[in-house]
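Below you'll find the structure, written out as structure tokens, and then a few comments.
Note that ligands are numbered from 1 as they come in the structure, with each ligand's atoms numbered from 1 the same way.
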Amino acid sequence: MKNTRLISAALMFLFVSCQQNDSIQDHIIQEDVIEHVELIRFGFDLNSFHVVEGSITSGQVLSEVLRPFGVSATALEIFLKESRDIIDPRKIKPDQGWLALFSNQEDSVPSYFIYEKSQKDYVVIEIADSLKGWSGEHPSETRLRRVEGEINNSLYQSLQDQGANAELAMTMANIYAWTIDFYRLQKGDRFEVLYEEEYINDVAVGTGRILASHFNHKGKDRGAYMFENDDQTSYYSEDGSSLKKAFLKAPVKYSRISSRYSGKRFHPVLKRYKSHLGTDYAAPQGTPILAVGDGVVTKSGYTGGNGNYVKIRHNSTYETQYLHMSKRACKEGERVSQGEVIGYVGSTGLATGPHVCFRFWKNGQQVDHLSEEFPTSEPLNESQMPAFKALVNTYDSLLRVTPVAVDDAL
Ligand SMILES: [Zn+2]
């Protein structure tokens, strides 16, 4: 990992600053490199140039910006034609910055003109007899940030109030997707998060990974710690158990797959291609159908095609649906646990014999659950625990929560 050294340096720094200052609510790590950043930018030592800065004004085109610097419209046109891969004149917008670098203060024509495409990307134009250009990007650095908050309205709102990126709410919702229902957060729920933020020239440009967090939902604290395990990065609770849960392999015991998922399937009776967006499990009439994971029943109803059917939302990513039931055994809005009986096998709707058509939804799209790669739900093994415990202690001291006695939990 390219950032590992930076992160450990930042961790040390945060650790020290945490101990020194008890009142800090929101840490931003800053290494003392500001002087450096200001000297070397765009690949130039700006101190050795006379720099004129400006920004694109409304309706301004590049030729208008460059004309006062002695660059003719013809020269610019030739350059733009040859440099389509680095600069698109149609994408020049107001407020984008530019710099002209003069080798000598007395010069009327700069040696370089730099156009800032975005916070990260820029284009350098070397001004000589002809124009020559190249693109560059500012190096980004990863800093650690800690944010804590209380839910008043929503997690999204609380994070915004703390000046944190809203992306963080999505990331947290994913980490806790299997343990906390983010649709049912309560006023007074609390959280603390330690996460990475990408900076370019001291400006935050994006949220990175969450390293650790605590979420107190309905008075119950749930820690989540990032740990790299066999090249896979997962989140574990204090005792080394995974925050993810596996789905049951099938919604009925002792069944057989009578038809697999297929995007396109030749229908023998209709004699045309038809897709089958589910997996059929044939089982005797009346066999209990089980929820493959914890969740909330979002549909329990009847349609001509589906017959009696149930749909369950497991988290913000996954939903499952069970068709052709003889009888339903759950109501809309009800919370169900993994393995709970939600209905019974039948052949209601468009079904030729008793079976469950099991449909699996990922981010609103139907997918083949048999070919899905699910995140690991295995707990850490004993040999990994010492390293994990050390990490938990470090992260918790950074989060400044009372460290959980990991030994007691085991
Ligand atoms: Zn089916």
Report all side-chain donor-acceptor pairs from residues 322-334 shorter than 3.5 Å, counting only partners two or more places apart or in another chain.
residue : atom : partner : partner atom : Å
Tyr322  : OH   : Val292  : N            : 3.2
Tyr322  : OH   : Thr320  : OG1          : 2.8
His324  : ND1  : Asn306  : O            : 3.4
His324  : ND1  : Thr348  : O            : 2.9
Ser326  : OG   : Tyr344  : O            : 3.3
Ser326  : OG   : Val345  : O            : 3.1
Arg328  : NE   : Gly301  : O            : 3.2
Arg328  : NE   : Asn308  : OD1          : 3.2
Arg328  : NH1  : Ser300  : O            : 3.2
Arg328  : NH1  : Ser300  : OG           : 3.0
Glu332  : OE2  : Ser300  : N            : 3.2
Glu334  : OE1  : Lys331  : N            : 2.8

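Interatomic distance, CZ of Phe360 versus OG1 of Thr279, reported as 10.0 Å (0.5 Å rounding).
Annotation: side chain to side chain contact (heavy atoms under 4.5 Å, CB included) contacts of Asp121 (sequence neighbours excluded): Lys117, Ser118, Glu137. In terms of the side chain to side chain contact (heavy atoms under 4.5 Å, CB included) criterion, residue partners of Glu150 (sequence neighbours excluded) are, by chain and number, Arg190.
A salt bridge between Glu319 and Arg313 is absent, with no side-chain N of the basic residue lying under 4.0 Å from a carboxylate O of the acidic one.
Protein contacts to the Zn ion (ligand 1) involving N, O or S atoms at a distance below 2.8 Å are His276 NE2, Asp280 OD1, Cys357 SG.
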TODO: Take Lys311 and Val296 through the test side chain to side chain contact (heavy atoms under 4.5 Å, CB included) and record every step on the way to the result.
DONE: CA-CA 9 Å; Lys311 193 171 182 184; Val296 175; over 6 Å; no
